[in-house]
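Computed from a predicted structure; not experimentally measured. All values below were derived from every heavy atom in this structure, side-chain atoms included, with hydrogens, water molecules and symmetry-related copies excluded. Numbering starts at 1 and runs along the sequence shown.
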Amino acid sequence: MTPSLPLQSSPQDEPERPSEDPRRKFRRRALTLLIIVLLIGVPAGYLVISANQSRDSGKEKEKKYSATGLTYGWPSKVQRRLYQVLIPHPANRVAFYETNNWRSSRLYAQFQLTNAGLDTFLGDLGTNRDALKENNITISARDQKVTGWKFSVPGKWRGFVREQENPAPTQDVIVNLANPQYPMVYVVSRTVP
């Protein structure tokens with residue numbers, strides 16, 4: 001057994017500390033609290049905001065990719081460029097739908113143009129109105145089923161196919177001239193990777 005050491009007493013010549021000023025004590029505690037909030041609260045708040053943004057982004061993507069038919073609005077610039085469907089301005093009733101699988105990718109688009117807009121669109125495809133053949137339904141029954149388009153209803157349908165070598169897209173185009181001032185255009189652009 002080890003012998004216990006005697007307790008040492010505090011030196012007698014050291015003066016006793018004065019008590020801390022209450023205002024200084026309050027400032028010191030407030031500064032400590034501020035530092036704790038900055039070191040813990042700010043990163044925690046940032047994580048909460050980031051998580052909410054990430055969740056919202058995921059919901060938007062889920063909504064976009066779970067679409068099962070035409071969505072009203074413009075396809076993205078990347079989609080228009082990739083599928084070579086350059087929709088001229090002004091255009092009304094614009095809607096699109098994209099499908100992708102390991103064999104091919106397709107962009108379905110519909111839009112209403114002015115006569116000048118139709119000429120511009122056909123010019124972008126490297127053709128003109130002479131290429132449009134009367135009652136030439138170029139969009140397949142399968143593609144019509146995907147979009148809900150029905151071209152069997154009597155109308156002033158004109159169509160043509162722009163074929164290109166892979167990987168450039170091939171476009172099946174139908175124009176409804178029932179309203180000669182504002183023709184409606186239907187396009188299926190498909191590409192094989």
Would you please test Tyr83 and Gln171 for side chain to side chain donor-acceptor pair (under 3.5 Å) and show each step?
CA-CA 8 Å; Tyr83 292 101; Gln171 288 99 1; over 6 Å; no
Under 3.5 Å, which donor-acceptor pairs link side chains of residues 121-133 to any protein atom two or more places apart or in another chain?
{"from": "Asn128", "atom 1": "OD1", "to": "Asp130", "atom 2": "N", "distance (Å)": "2.9"}
{"from": "Arg129", "atom 1": "NE", "to": "Asp119", "atom 2": "OD1", "distance (Å)": "2.7"}
{"from": "Arg129", "atom 1": "NH2", "to": "Asn115", "atom 2": "O", "distance (Å)": "3.2"}
{"from": "Arg129", "atom 1": "NH2", "to": "Asn115", "atom 2": "OD1", "distance (Å)": "3.0"}
{"from": "Lys133", "atom 1": "NZ", "to": "Asp130", "atom 2": "O", "distance (Å)": "3.4"}

With sequence neighbours excluded, what pairs up with [X] under the salt bridge (charged side-chain N to carboxylate O under 4.0 Å, His left out) test?
{"X": "Arg23", "result": "Asp21"}
{"X": "Arg28", "result": "Glu20"}
{"X": "Arg80", "result": "none"}

So, do Trp74 and Gln79 sit near enough that their side-chain heavy atoms are less than 4.5 Å apart?
no
Can you tell if the side chain of Val185 reaches within under 4.5 Å of the side chain of Val173, non-hydrogen atoms only?
yes
Rounded to the nearest 0.5 Å, how far does [atom2] of [Y] lie from [atom1] of [X]?
{"X": "Thr170", "Y": "Glu165", "atom1": "OG1", "atom2": "CD", "value": "10.0 Å"}
{"X": "Ser140", "Y": "Lys145", "atom1": "OG", "atom2": "NZ", "value": "11.5 Å"}
{"X": "Lys156", "Y": "Asn176", "atom1": "NZ", "atom2": "CG", "value": "9.5 Å"}
{"X": "Leu118", "Y": "Gln181", "atom1": "CG", "atom2": "CD", "value": "12.0 Å"}
{"X": "Thr138", "Y": "Phe160", "atom1": "OG1", "atom2": "CZ", "value": "8.0 Å"}
{"X": "Met184", "Y": "Ile174", "atom1": "CE", "atom2": "CD1", "value": "12.0 Å"}

Side-chain (Ser50) to main-chain (Tyr46) donor-acceptor, under 3.5 angstrom:
no
So does Pro169 get a backbone contact from the side chain of Ser189, meaning a donor-acceptor N/O pair under 3.5 Å?
no
Does the pair Val94 and Ile87 meet the rule for a side chain to side chain contact (heavy atoms under 4.5 Å, CB included), with working shown?
CA-CA 9 Å; Val94 178; Ile87 304 170; 4.2 Å; yes
Show the nearest heavy-atom pair for residues Leu38 and Pro43, with the distance to one decimal.
O-CD, 3.6 Å
Of all the heavy-atom pairs spanning Gln144 and Lys150, show the shortest one and how long it is.
OE1-CA, 4.0 Å
Can you tell whether the side chains of Asp172 and Arg190 come within less than 4.0 Å, N to carboxylate O?
yes
Among residues two or more places apart or on two chains, list those pairs meeting ring pair (Phe, Tyr, Trp, His ring centres under 6.0 Å) that have a residue in residues 162-184.
none
Consider only side-chain heavy atoms of I, L, V, M, F, W and Y, link residues closer than 4.5 Å, and tell whether Leu31 and Leu39 are in one cluster.
yes
Assert yes or no for the condition that the ring centre distance of Phe111 to Phe96 is strictly below 6.0 Å.
no
Between Tyr186 and Trp149, what is the ring plane arrangement, given parallel below 30°, perpendicular above 60°, and tilted in between?
perpendicular
Not counting sequence neighbours, which residues clear side-chain contact (heavy atoms from CB on, under 4.5 Å) with Val48? List them please.
Asn52
The residue among Asn100, Asp143, Asn101, Thr99 that forms side chain to side chain donor-acceptor pair (under 3.5 Å) with Arg106 is Asp143
